[in-house]
Amino acid sequence: MTPNLHLWLIPVLALIGAAINGLFGKRFSRQTVVAVALLFSGAAFAFALWVASQFSSLTTPHIETLATWIRAGEFRADFAFYLDQLSLVMLLVVTGVGFLIHIYSVGYMWEEGGFYRFFAYLNLFMFFMLTLVLASNYLLMFIGWEGVGLASYLLIGFWFTKDSAAAAGKKAFIVNRIGDFGFLIALFLMIQHFGSLDFAQVARGASPALPGGEALLTTIGLLLMVGAAGKSAQIPLYVWLPDAMEGPTPVSALIHAATMVTAGVYMVSRSHVIFEHAPGAMMVVAIIGTLTALFAATIGMCQTDIKKVLAYSTVSQLGYMFIACGVGAFSAGIFHLMTHAFFKGLLFLAAGSVIHAVGGEQDMRKMGGLRTKIPWTFWTMTAGTFAIAGFPPLAGFFSKDAILFKAFTSTYGSWIYWAIGVFTAFLTSFYMFRQWFSTFFGEYRGDDRADFHGHGEHGHGGIHESPAVMLVPLVILALLSVCGGWIGSERFDKFLAPAFHASEFTPVVQHGAMGMGPDTVVPATPVLPTGRRDVEVSETLLTGISVAAALLGFLLAGQLYYRRRDLPGKIARALGGFYETVLHKYYVDKIYAAVFVKPLIEGSTKLLWHGIDRDVIDASIDNSADGAREVSDAVRHMQSGNIRSYAGWVAAGAALVILYMVWVGTR
Amino acid sequence: MTTALDSTILSLIAFIPLAGALLLLIMPRRDREARWLALGVSIVAFLASLHLPVHLVRSQAGFQFEINRQWISNPNIHYHMGVDGISMWLVVLTTFLTPLCVLISWKSINDRVKEFFIILLVLETALIGVFTALDLFLFYFFWEATLIPMALLIGMYGHGRKVYAAVKFFLYTMIASMFMLAAILWLYAKTGTFDFGSVQAAIRSGQLEGFAAAAPWLFLGFFIAFAVKVPLFPFHTWLPDAHVEAPTAGSVLLAGVLLKMGTYGMLRFNLGLFPEQSRGNAPWIMVLALIGIIYGALVAMVQPNLKKLIAYSSISHLGFVVLGIFSFTQAGLDGATFVMLAHGVSTGALFMLAGILYERRHTYEIAEFGGLAAPMPVYATFFLFIMLASVGLPLLNGFIGEFLVLSGAFRARALYGVLGATGVIWSACYLLWMYQRVFFGKVTHEVNLTLADLDGSERAALWPTAIVALVMGVAPLVWLNAIDPAVRSALSPFTQLASKVVGR
C-alpha cells in the first residue's frame, strides 16, 4: 500500500489563499491580506517539506488520481498528480523560493495600491505553478502552463495605468501563446499516436519502433521545444522577458527568474523519453540553448537598467539549461535550474532592495558607492554575483560546470557547445561584475532625488537599507546561493536518476583524466543520454578553463567599471555601429514589429476587412441583389413612423411563406 | 408520475415563455410589473428545463422526453418533439440566457417595455422549438418563427441604422431558408412524412426513388440555410451589422443561441440525413470553417468598435464548431457541441458587458475608452474573467471545446488541426489588445473618470455566466457525459462509411 499524500492539496492551498484575497481582500487590512497570503503559501511549503520527508518510503513515480477531468470517446484526462524525484525538486524550489519571495513582497509592496490584488495574483501563480510541476499528464500540465502565463500577464501589468506595463503584459501573453500553439500540436500528435497524455503512457508509447518512429518523435520533440522556447524565453521567442521587467521586482524574481520561466526546461526534461529517441530534436534544443545563452549575454553587457541586465542574464542562463537538455544531461539542467532559482531570485530581490534604497531609480549610471550605505543588500548581492559568475565553491559554479562538462563529453555533445558556453561564462562574469561595480563601488552618481518615484513605488527619502522583512529572505537565499551546489552534481545526478530512467542510467566517471579509451564500447542505439563521447579530456582542465573565464570577466569589469571608468565610453565609440546594434538589442523588436505585427494589422484592416468584407462580399450583395435592396427600401418606407405596421408586414410575410409551404406540401 | 411529466416536459418548457408573453399581452401597461413578470416566467422556464439534464438517461441512445401527436393530418404534420444529449443542452442554454437578457434589459429598455418582453419571450419559445422539433415541418416552422421576433428586436429596439440591419438580417437568413424549405418539401414529396426519424430511415434504406441524384442538392439546400445562420465565411456579413445595431438582449440571444441553430442544424440534419454527402463535402466546408476561424479573428483584431469586434470573434468561434462537426471524430463533435455551449455563455456575457458600457457612454468605439480599470474595477474584473474564458484558458469553459475540436480536426487531417490551432494565438491577440485599449493606461476621456461601476441587476446578470464558465471548465464531464453518447450515435453511420474516408 502506498500512502495517499493528498498531493492535490498543495496547489489548492495556494488557490484558497488567492480566492480569499481576490474576493474579499479589498475589505481587509494590509495585515490580514499578508496573513492570508503567507499562511497559504507557507502551508504549501510546509506540506511540500512533509512530502519530502515521506519521499523515501514511496515507490516512484507516485501517482494520485483525484477525478476525471475530460472524457471524450477514447480520450481521457484526469486530475492526477505525479511525484518523482524531478517533481520533488521542482516542488521544493517553487514552494521554498516562492514563500521567501512572498515574505519579501510584504516589505517591498507595503506602500503600494492594490496590495490585496498583488498577493491574490501571487498566490494564484503559486497554484498554477504547482499544478504544472505536479501534473501527471500533459493536459493538466497545460493548465498550469497557461495559468502561470495568466498570472504573469496580470503581474507584469500590475501597474496597469502605465502604458508600457500594460503593453508588456500583453506581449508576454501573446508570445507565450505562439509557443503554446506548438505545445498544443505536440499534444495532438501524442493523443493520436499514444492514445493518451499521461506521462507514463507516453513514455511507454514513445519508441522508435512506432510506425514513422524517429521522425514522429523528432516532430513531437521540436514542437515541445517551440512551447518551451515561448515559456522559457529562448530564441526566437525570448522578446517578452526583458519587457516583463515592467512588473514589480518580486514578480521578476519569482516568475521571471526563479520558477515560471524554467517551466520549459522542466517540460523538456519531463519529456526526456521522447527526446532521447529523437537526436535531431536534441540537437536543435542544444543549438537553440547555445545561441540564446551567447546572444542574450552580449545584450546584457550593454544594458544600463539594473533589472534589464538581470533579465537578459536570465535568458542566457536558461540557454545553459537547454544546452544541458540538448546534450542529454537533463539532471545537470535541473541542477542549474535549482541553483539559478537561488542566485537569480536573490539577485532580483537584491536589485529590488537597491531600487528601494535609491527611491525607484533603476539606471545603474545613476548609482554607485552604495556598498557602505546598504551593506546587507551589498553582501547578499555579492554572494549572488559570485555565484552566477561561477566562482567556486558557490552554487553556480557546480551546476554550470556540470553543464559545460557534459556539453563537451556527452554523446550528444560537441566542443562547440562547450566553447561557446565558456565564452558566455566569461561574458556573464563580465556583465555581472559590471553591474556590481557600477552599483556598489565608486562615487554615488544619483542626483540626490532619492524621493523620485520610478514606478510610483517608493516614497521615502534618503538612501536607506531595506526593512528586515526584505533582508531575511535575501540572507536565506544568499546562504543557498553559497551552499546550494555543495551536494555536487554527481550526487544530484544519482538522486534524479530514477526519474530519468534508472535502467538506462550510467554513472558518470567522477575524476579527471578518466576519458574512455578508444576501444571502450560506446553504447549502441538507443543512445544513453548520460553516455560519454569517445573523447580524451580532463575534467580538471575544463573546470580550470571555465573558472579562468569567470576570473577574466571579473578583472575586465573591475578595470573598466572601477578603475578606468572613462574606458567603456571610448570602447563603445570605437566599436561604433556594432555597439549601437547590440545596445539596441540587435533591433529584434523592431524587426518583429516590421515583419509580423505591422503587416498583420494593416493586412487585416485593408485587405480583409475593407477589401474582402466590405468591397467584395457586401458590395456584391448590395449591388447584384438589387431586388433585395429594393425590398429593403420598401420596408424602410413601410417602417417610416409606424413600427406596428412594420411588424405586421414582417408577420404577414412569414405567414405567406408558411401558407406557400403548406400548399406546396399538399400538392 | 415521471413518465407523464417526461412526455410533457418539453412542451412545458417551450410554451411557458409563450404563455408568459400572452399574460403580458393582457396585462395593463406597467413597466415595472412587465419586467418582474418576464423575469419570473423565464426563471420558471429555466428551472423546468433543468428537469432534462437531471432525468436524461445517459446510457440510452436516441431521443428522450419524446412527444409525438398528429397535428395536421393532411399534410402529414406531427407535433413531434424530443431531445438527445446534444439538443438538451442547447435548450438549457436558451433558458439560461433568457432570464439574464431580462436582467440586462432591466434599465436599458425604457420605451415600449411590455412589447419588448413579449417579443423576447416569444423568441425563447421559438428557439426551444427549433432545438426540440423532430418533425421537419415543425422545425421549419420554429426556424422561421425565430426570425420575426429577432428582426423586431433589432428594428424596434436597436440603435443607429437599425432598420437596415434588421432587414439585412431578415432577408439574408430568410432567402437562405428557402433552400432548406425546398429540400424539406422534396423529402416530403418522396416519403410522405415530415418525421425526422422516418425520413432518416427511408434514406438509409436506400429505397428512396431519385435520392441518389437529388442528394447533393438536398444536402446543399439544408447546408446553405445553416451556413448563413452560423454564419460561415463568406455568408457572414449580416452578422456584424445586426449585432452593432441590436439591443444588448438581442445580441446575447443572437450570438448565444441563434447562431447555434445553424451548427445544430448541420449536426442534426446534414450529418443525420446525408452522411455520404457530408463526407464528400467535408473538405471544402472545413476549409471555409478554417477561413472563418482565422479571417474572423484577424478582422476582429482591427475593429475600432467593441461590439463589432465581439461579433467577428463569434464568426471565429463558430468556425471551430463547424470544423469539429465536419471532422467526423468523436472528439471533434463532442468539442463542437461544447464550444456551442461555452460560446453561448461567454459571448453572451461579452455582449452584456459591451451593453453595460453602451448604457453609460452610448458608444461602442474603443477609442472612446481607455483606463477603465480604475473607475470600474468590478466591471474590469468581470470582463477579464469572461475574456479569459473566451480566449480558451484551461479550467474555463472555452478551452475544453476548442481543445477537443482541434484534436478531432487534427485526427481528420493534421493540417486542418494545425491551422485551426493558430486560433489560440489570434484570439489572444484581438482580445488582449482590446482589453488593453479599453481598460489599461490612464483615463483619456474625462467623462470616463466618473463612470459608475456595476449595479445590482448587472451583477445579477453577470455572476451566473462567470460561475457557469468556471464550472464548465473544471467539471466538463457534467456536460460531456450526456453529449458523448449522443455524438456516438450521430457518428454511427460514419463508421460504416469508413471505407470512403475523405479526410486524412
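We name chains A, B, ... by the order of the sequence lines, and we start the count at 1 in each one. Predicted model only: the values in this text are computed from it and were never measured.
With rounding to the nearest 0.5 Å, the separation of CG in Leu298(B) from CD1 in Ile612(A) is 10.5 Å. A distance of 10.0 Å separates OG1 in Thr329(B) from CD in Gln192(A), rounded to the nearest 0.5 Å. The CG atom of Leu432(B) lies 8.5 Å from the CZ atom of Arg177(A); values are rounded to the nearest 0.5 Å. With values rounded to the nearest 0.5 angstrom, Asp180(A) atom CG is found 8.5 Å from Ile425(B) atom CD1.
Remark: the backbone N or O of Ala72(A) is not paired with any side-chain donor or acceptor of Asp484(B) at under 3.5 angstrom.
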Q. Are Phe410(B) and Ile191(A) close enough, and set up right, to give a side-chain contact (heavy atoms from CB on, under 4.5 Å), and what steps lead you there?
A. CA-CA 10 Å; Phe410(B) 188 84; Ile191(A) 294 175; over 6 Å; no
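Most heavy-atom pairs under 4.5 Å with chain B: of the set Leu600(A), Asn176(A), Thr68(A), this distinction falls to Leu600(A). The residue among Gly371(B), Ala373(B), Gly417(B), Ala300(B) with the most heavy atom pairs within less than 4.5 Å of chain A is Ala373(B). Taking Trp238(B), Trp426(B), Phe235(B) one by one and counting their heavy-atom pairs under 4.5 Å with chain A, the maximum is reached by Trp426(B). Interface summary for chain A: among Ala145(B), Ser427(B), Ala428(B), Gly423(B), the most heavy-atom pairs under 4.5 angstrom belong to Ala428(B). Taking chain A as the reference chain and counting heavy-atom pairs below 4.5 Å, the highest number among Gln303(B), His236(B), Arg488(B), Lys442(B) is found for Gln303(B). Counting heavy-atom pairs under 4.5 Å between each of Ile601(A), Asp613(A), Ile185(A) and chain B puts Asp613(A) at the top. Ranked by heavy-atom pairs under 4.5 Å with chain A, the first of Pro394(B), Ala189(B), Cys429(B), Gly392(B) is Pro394(B).
Taking the side chain as every heavy atom from C-beta outward, Thr237(B) and Arg614(A) never approach each other to under 4.5 Å. Using a 4.5 Å heavy-atom threshold, the side chains of Phe181(A) and Val418(B) count as touching. Contact of the Val474(B) side chain with the Trp69(A) side chain is not registered, since no non-hydrogen atoms from C-beta on lie closer than 4.5 Å. Using a 4.5 Å heavy-atom threshold, the side chains of Lys170(A) and Phe440(B) count as separate. Counting only heavy atoms from C-beta outward, the side chains of Ile70(A) and Phe338(B) never approach each other to under 4.5 Å. Counting heavy atoms from C-beta on, the side chains of Gln436(B) and Asp163(A) never come closer than 4.5 Å. Between Tyr153(A) and Tyr435(B) there is a side-chain heavy-atom pair separated by less than 4.5 Å. Residues Arg71(A) and Leu477(B) are in side-chain contact: their nearest non-hydrogen atoms beyond the backbone lie under 4.5 Å apart.
Of the atoms belonging to Pro240(B), not a single heavy atom falls under 4.5 Å from chain A. For Trp433(B), the parts sitting under 4.5 Å from any heavy atom of chain A are the backbone and the side chain alike. Neither the backbone nor the side chain of Val443(B) has a heavy atom closer than 4.5 Å to any heavy atom of chain A. Contacts between Leu404(B) and chain A at a heavy-atom distance below 4.5 Å involve the side chain alone, from C-beta outward. The parts of Leu608(A) that come within reach of chain B are both its backbone and its side chain, each placing non-hydrogen atoms under 4.5 angstrom from that chain. The contact between Ala167(A) and chain B is made by backbone and side chain atoms together, counting heavy-atom distances below 4.5 Å. Residue contact with chain A, scored on non-hydrogen atoms closer than 4.5 Å, is absent for Ile483(B). Only the side chain of Asp241(B) comes within contact range of chain A, judged by heavy atoms closer than 4.5 Å.
Partner of Glu146(A) under the side chain to side chain contact (heavy atoms under 4.5 Å, CB included) criterion, out of Val424(B), Leu388(B), Leu396(B), Leu393(B): Leu393(B) alone.
Phe142(A) and Phe399(B) have their aromatic ring centers within a separation under 6.0 angstrom.
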